[in-house]
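Letters A, B, ... are given to chains in the order of the sequence lines, protein chains preceding strands, and every chain is numbered from 1.
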There are 2 protein chains.
Amino acid sequence: MNLKELSTILGLSQTTVSRALNGYPEVSEETRIKVQKAAEKHNYRPNTKARSLATGRSMAIGHVIPVSTKHEMVNPIFGDFISGAGEVYSKHGYDMVLTVVEDKGEEAAYRQMQSRGSVDGVVVHGPLTTEPRIDFLRKIGLPFAVHGRASGENSDYNWVDINNRRAFHRATDFLLDLGHRRIAFINGLEYMDFAYRRREGFIEAMTERGVAYDPALMFSNEMTEDYGYETAMTLLRGENAPTAFLVSSMICALGVRRAIEDLNMKMGRDVSIITHDDVLSYMPNGKDLPIFTSTRSSVRQAGSLVAETLLAQIADPLRKPQHQLLEAELMVGQSTGPVKA
Amino acid sequence: MNLKELSTILGLSQTTVSRALNGYPEVSEETRIKVQKAAEKHNYRPNTKARSLATGRSMAIGHVIPVSTKHEMVNPIFGDFISGAGEVYSKHGYDMVLTVVEDKGEEAAYRQMQSRGSVDGVVVHGPLTTEPRIDFLRKIGLPFAVHGRASGENSDYNWVDINNRRAFHRATDFLLDLGHRRIAFINGLEYMDFAYRRREGFIEAMTERGVAYDPALMFSNEMTEDYGYETAMTLLRGENAPTAFLVSSMICALGVRRAIEDLNMKMGRDVSIITHDDVLSYMPNGKDLPIFTSTRSSVRQAGSLVAETLLAQIADPLRKPQHQLLEAELMVGQSTGPVKA
DNA sequence: AAGTTAATTCAAAGCGCTTTGGATGACTAA
DNA sequence: TTAGTCATCCAAAGCGCTTTGAATTAACTT
């Protein structure tokens with residue numbers, strides 16, 4: 001069923017039918033209702049391609065997900081982020097188009113989306129500290145919003161980020177308050193901006209309190225359960241082991257916890273863990289009492305906000321870039337305790 | 001840059017340029033090269049919408065991801081599945097369009113995709129034992145492939161599934177061989193087909209060996225870490241505790257493990273766990289020696305296969321539905337051992 | 001030299017929609 | 001009456017591509 005058929009059935013012109021359905025004023029209320037009824041009845045929905053072609057807007061947002069060829073690693077927060085964003089898109093009648101791309105193919109993917117006109121804007125995932133994509137997207141004139149920020153970028157752009165630095169500053173303070181001094185920091189890859197900022201927060205807190213931080217206790221890697229386990233295992237078995245772990249993700253923290261248990265120690269009593277919790281739907285942090293003490297911020301909500309920001313930008317291209325800095329909550333759970341005497 | 005401009009620059013007709021770029025034979029090799037060079041130089045890529053409108057094919061595959069409103073739960077395997085499928089789409093020049101939908105809105109989403117012509121086919125995720133979507137999609141004539149199967153459906157359709165029944169049969173046998181008799185079964189939601197089949201496999205194995213299974217040890221829920229923990233905790237603290245756990249997902253198994261550790265027992269020695277491992281990229285099952293004994297099958301690979309199947313179906317609408325039943329490997333890890341005397 | 005055939009190229013229609021620039025008729029105002 | 005104003009509706013152009021059917025040229029036959 002297409003416009004032509006529908007308008008023939010109704011004995012009206014395509015113009016009128018189109019206008020009736022799109023809520024234009026130059027059509028009588030009577031015919032509008034008649035048209036709507038008919039559209040409903042015949043299950044008519046305007047063809048997206050045709051509409052896009054006519055309007056010049058594609059009503060779709062692109063997400064490019066890089067899969068590192070090395071590890072074939074897909075970011076575990078991805079599902080929840082997408083679900084937050086997707087809900088917003090649906091509400092505004094937008095589609096979400098995903099492109100999976102190997103490592104450095106992202107710019108090509110953006111350029112392709114742009115020149116093929118398949119999206120009206122894109123979301124930039126996992127910005128690095130120096131992020132070439134930002135300049136690139138501006139250059140090719142494709143609207144975008146970033147989930148996170150790029151420390152090395154001083155131009156203005158749309159972003160939604162959590163206050164990683166402050167969150168990890170607070171988390172570190174929390175451990176320091178409990179008397180911990182040897183704190184291991186299990187971070188993500190530090191060319192990623194979020195990890196860089198978390199590191200800054202950690203160092204800042206340590207320095208402010210006059211506690212020397214030990215570079216030998218600072219790690220940076222892709223945040224798997226395994227990485228947490230292996231690292232913690234090595235440290236805890238070694239000499240001068242840390243008394244606390246500051247960890248960048250729940251999954252990783254589960255690994256650290258496993259190492260602690262494997263060594264017949266008890267988390268919270270023998271060793272403390274504080275982690276960042278993205279509030280992933282399939283990984284709730286305990287039921288009533290949180291398992292892990294954590295800095296907490298919903299990545300799903302971030303998804304919604306990024307989407308809103310981008311859609312607002314698209315709706316008004318002259319709008320100034322928007323920024324939202326979300327504070328993480330510090331939730332006390334069972335994984336932290338005072339340092340052992 | 002569009003076709004018209006490009007052809008003006010080249011001093012050729014749009015027809016010829018279009019044909020040159022699309023590899024039609026009725027254009028001389030000389031001009032073809034000339035055209036390709038120019039297209040490259042001016043960064044020309046055909047507008048997707050226009051092309052789709054002209055060809056009637058949208059070159060996009062739809063994925064509808066349901067988010068249960070109750071738990072806002074996004075399936076953790078989603079990211080990896082998508083990444084597998086996405087790679088195949090890219091290779092074939094297809095886009096992937098995602099729609100996030102609340103619970104029962106899936107059919108509406110499919111219908112919309114169909115009538116708006118935004119996709120050439122869809123992937124059905126998480127089929128239930130009786131799955132209305134299959135009939136529905138056939139009815140509206142939208143090509144599809146299912147990740148999994150629907151036991152209650154006896155029509156023929158494209159699917160890619162793992163042999164859940166056999167995998168769990170084998171896993172159960174493995175535990176029985178180690179002397180376990182009281183085996184707790186921590187399953188997913190059993191209206192989901194995969195969970196139903198796993199249950200069948202479990203019961204079948206127990207029955208074949210003449211071991212009575214205790215319904216009080218069989219659980220069905222959304223597979224979070226928490227669910228594993230709570231369930232195991234209750235069972236292990238209760239009377240007549242199970243000596244082994246058969247678990248439907250790694251994440252869940254991590255919870256079971258946590259409960260075991262919390263009770264100062266040792267996994268593999270005091271209590272055994274065998275789980276299914278979807279080989280999620282961010283959740284590798286140990287480095288050299290697997291943490292968990294598991295039935296193992298890559299969901300990423302399943303994603304690729306489903307995508308291939310669907311694309312083949314679209315390329316040849318008369319093709320008979322294809323099926324692929326993947327066997328899971330049984331990998332022995334550190335989480336299982338003989339029952340304690 | 002005239003007639004065929006093959007190799008290239010092109011003009012124009014059409015995909016399904018939105019939107020511009022009128023028409024048409026009813027109604028009001030002068 | 002005549003002109004002007006609304007309120008409705010419509011024909012047709014255009015979005016950027018593919019594809020049909022035809023034209024043009026070159027090459028080959030007889």
Side-chain angles (χ1 to χ4, degrees), chain A residues 1-36 38-39 42-60 93-95 112-120 315, chain B residues 1-36 38-39 42-60 93-95 112-120 315:
Chain A
M1 174 62 54
N2 59 23
L3 224 211
K4 197 171 179 181
E5 287 168 40
L6 187 64
S7 53
T8 311
I9 290 175
L10 282 161
L12 288 167
S13 73
Q14 297 190 36
T15 311
T16 305
V17 175
S18 171
R19 283 184 161 156
L21 293 173
N22 290 321
Y24 281 76
E26 50 286 74
V27 65
S28 77
E29 216 41 42
E30 190 190 1
T31 51
R32 186 192 305 282
I33 289 171
K34 202 166 60 187
V35 169
Q36 278 167 344
H42 295 93
N43 223 321
Y44 168 77
R45 278 185 207 70
N47 180 300
T48 329
K49 313 293 156 125
R51 164 179 271 175
S52 295
L53 196 54
T55 58
R57 320 194 311 113
S58 70
M59 298 303 282
Y94 274 75
D95 279 342
Q112 177 161 311
M113 285 179 160
Q114 165 76 327
S115 52
R116 303 205 307 189
S118 46
V119 301
D120 292 331
Chain B
M1 173 62 53
N2 58 24
L3 225 211
K4 196 171 179 181
E5 287 169 38
L6 187 64
S7 53
T8 312
I9 291 175
L10 282 160
L12 287 168
S13 74
Q14 297 189 34
T15 311
T16 305
V17 176
S18 170
R19 284 185 160 154
L21 293 172
N22 290 322
Y24 281 75
E26 50 283 77
V27 66
S28 77
E29 217 40 45
E30 189 188 2
T31 51
R32 185 191 306 282
I33 289 170
K34 203 167 58 187
V35 169
Q36 278 167 344
H42 295 92
N43 222 320
Y44 168 76
R45 279 184 206 70
N47 180 300
T48 329
K49 315 291 157 127
R51 164 179 271 173
S52 297
L53 196 54
T55 58
R57 319 191 316 110
S58 71
M59 299 302 282
Y94 274 76
D95 279 341
Q112 177 161 311
M113 284 178 160
Q114 166 75 328
S115 53
R116 304 206 305 190
S118 46
V119 301
D120 292 332

Peer 1: Would you say the side-chain atoms of B:Ser28 and B:Thr31 include a donor-acceptor pair closer than 3.5 Å?
Peer 2: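 The answer is yes; a qualifying pair exists.
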Peer 1: If you take all heavy atoms of B:Asp120 and B:Met59, which pair is closest and at what distance?
Peer 2: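 It is OD2-N, 2.7 Å.
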Peer 1: Just checking B:Thr31: base, sugar-phosphate only, or nothing, at a heavy-atom cut-off of under 4.0 Å?
Peer 2: sugar-phosphate
Peer 1: With B:Arg32, which residues qualify under side chain to side chain contact (heavy atoms under 4.5 Å, CB included), at least two apart?
Peer 2: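 Expected list: B:Ala20, B:Val27, B:Glu29, B:Gln36.
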Peer 1: Could you go through A:His42 and A:Ile9, starting from their C-alpha distance and side-chain angles, then the distance that decides it, and tell me whether this counts as side-chain contact (heavy atoms from CB on, under 4.5 Å)?
Peer 2: CA-CA 10 Å; A:His42 295 93; A:Ile9 290 175; 3.9 Å; yes
Peer 1: What is the distance, rounded to the nearest whole Å, between atom CD of A:Glu26 and atom P of C:dG22?
Peer 2: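 About 16 Å, once rounded to whole Å.
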Peer 1: Which value, rounded to the nearest 0.5 Å, describes the distance between B:Ser58 atom OG and B:Leu53 atom CG?
Peer 2: 11.5 Å
Peer 1: Are A:Arg45 and A:Asn2 linked by a side-chain donor-acceptor pair shorter than 3.5 Å?
Peer 2: no
Peer 1: When every nucleotide of nucleotides 13-19 of chain D is labelled 5' to 3' by its protein contacts under 4.0 Å (heavy atoms), B for base, S for sugar-phosphate only, - for none, what sequence of letters results?
Peer 2: -BBBBBB
Peer 1: Let me check the geometry of the helix from C:dA1-D:dT30 to C:dA30-D:dT1. What is the bend angle between the axes at its two ends, five pairs each, to 10°?
Peer 2: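 Both end axes considered, the difference amounts to 60°.
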Peer 1: Do you know the tightest heavy-atom contact between A:Leu21 and A:Tyr44?
Peer 2: CD1-CE2, 3.6 Å
Peer 1: To the closest 0.5 Å, what do you measure between CZ (B:Arg116) and OG (A:Ser52)?
Peer 2: 9.0 Å
